[in-house]
Amino acid sequence: MAVDRGLLLLVVSAAVLVGLASASPFISDSVFLGSVGSTGRSLLQAKKNCPVNFEFQNYTIITSKCKGPRFPAKQCCDAFKEFACPFNEYINDESNDCASTMFSYINLYGKYPPGLFANECREGKLGLSCEGVSQKDSVVSSAGQQAQSSLLAFIMLTFGLAALWFH
């Protein structure tokens, strides 16, 4: 009986860890919806604050490569991916406001026409591929790092207690 519960706990814990560790290597097309404006009601759709502080990111990645008046699609999309892919886990999460916050700052610093990236940057049904795009080491603000540290501590505590209980 104790072995069955231990095995079940191990399987459930492994499934949770796999779910936490897996992140899509794409930027979903749905992130562009916030960049072109919305006509629907969003009163009941309150979103969490973004754990990434987009205010202090380096936007020269985009602004140095994506310049008007023509805004060449290849250069603009490559620059957008270089900037956004390290944050793909956060901007694809529709329960937070990361995508809209990121596009607000991109448009503030780059003064881009509305919908530029949404209209020009299309790769497939999964969105923009982030494969081959280098990832930044630290993209989460201190609040996000605290949340990740707290989650890791909780997981370790859970495993420790489970090990003591089943020993």
Side-chain angles (χ1 to χ4, degrees), residues 16-155:
V16 169
L17 286 176
V18 167
L20 291 173
S22 64
S24 175
F26 290 90
I27 298 174
S28 171
D29 284 340
S30 67
V31 303
F32 293 121
L33 296 177
S35 72
V36 293
S38 172
T39 57
R41 302 179 96 192
S42 61
L43 215 77
L44 300 176
Q45 300 169 356
K47 294 190 175 206
K48 299 180 292 187
N49 288 333
C50 182
V52 178
N53 187 345
F54 281 105
E55 182 178 3
F56 299 108
Q57 296 301 320
N58 181 7
Y59 291 92
T60 58
I61 295 168
I62 297 177
T63 58
S64 66
K65 297 176 183 176
C66 182
K67 297 181 179 187
R70 293 183 183 246
F71 301 106
K74 175 144 179 50
Q75 286 93 333
C76 289
C77 294
D78 288 349
F80 174 76
K81 286 172 34 173
E82 185 179 344
F83 176 82
C85 280
F87 308 108
N88 70 340
E89 180 181 340
Y90 303 102
I91 61 178
N92 284 337
D93 183 355
E94 294 181 12
S95 69
N96 67 40
D97 64 354
C98 288
S100 61
T101 302
M102 179 189 70
F103 280 112
S104 294
Y105 282 108
I106 287 173
N107 290 327
L108 174 70
Y109 292 117
K111 297 178 178 43
Y112 296 111
L116 171 72
F117 299 102
N119 294 325
E120 296 294 328
C121 303
R122 300 281 179 180
E123 285 185 343
K125 64 181 180 178
L126 294 175
L128 299 176
S129 174
C130 288
E131 289 185 22
V133 177
S134 63
Q135 300 291 312
K136 295 180 183 174
D137 291 335
S138 174
V139 296
V140 181
S141 68
S142 60
Q145 289 172 343
Q146 286 177 337
Q148 287 178 341
S149 297
S150 298
L151 180 62
L152 182 59
F154 174 74
I155 290 171

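Position 1 is the first residue of the sequence, and the numbers go up from there. These numbers were taken from a predicted model, which means no experiment stands behind them.
- Note: Phe83 and Phe87 have tilted aromatic rings, judged against thresholds of 30 and 60 degrees for the angle between ring planes.
- Distance check: Gln57 CD to Thr101 OG1 gives 12.0 Å after rounding to the nearest 0.5 Å.
- Taken together, Cys66 and Cys76 meet the criterion of an SG-SG distance shorter than 2.5 Å.
- Proximity of Cys98 to Pro51: side-chain heavy atoms (C-beta onward) are separated by under 4.5 Å at one or more points.
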Q: Could you walk me through whether Ile91 and Phe103 pass the side-chain contact (heavy atoms from CB on, under 4.5 Å) test, one step at a time?
A: CA-CA 10 Å; Ile91 61 178; Phe103 280 112; over 6 Å; no
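- A donor-acceptor pair under 3.5 Å is absent between the side-chain atoms of Lys81 and the main chain of Cys130, judged by distance alone.
- Side chain of Glu120 to main chain of Ala73: no donor-acceptor pair is present (N/O by atom type, distance under 3.5 Å, no hydrogens or angles).
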Q. Given the rule in the side-chain contact (heavy atoms from CB on, under 4.5 Å) test, do Tyr59 and Phe54 qualify, once you have shown the distances and angles that lead to the verdict?
A. CA-CA 9 Å; Tyr59 291 92; Phe54 281 105; 3.4 Å; yes
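- Inter-residue side-chain proximity for Phe117 and Ile62 is flagged as met; some heavy-atom pair is nearer than 4.5 Å.
- Lys48 and Asp93 make their closest contact through NZ-OD2, 4.4 Å (heavy atoms, listed as atom of the first residue, atom of the second, distance).
- The distance from the SG atom of Cys50 to the CE atom of Met102 is 9.5 Å, given to the nearest 0.5 Å.
- Across Glu82 and Lys65, no two heavy atoms sit closer than the pair OE1-NZ, 2.7 Å.
- The aromatic rings of Phe71 and Tyr112 sit perpendicular, their planes meeting at an angle over 60°, well past the 30° parallel limit.
- For the pair Tyr109 and Glu55, the tightest heavy-atom approach, listed with the atom from each and the gap, is OH-O, 3.4 Å.
- In terms of heavy-atom proximity, Thr60 sits nearest to Thr63 at CA-OG1, 3.1 Å.
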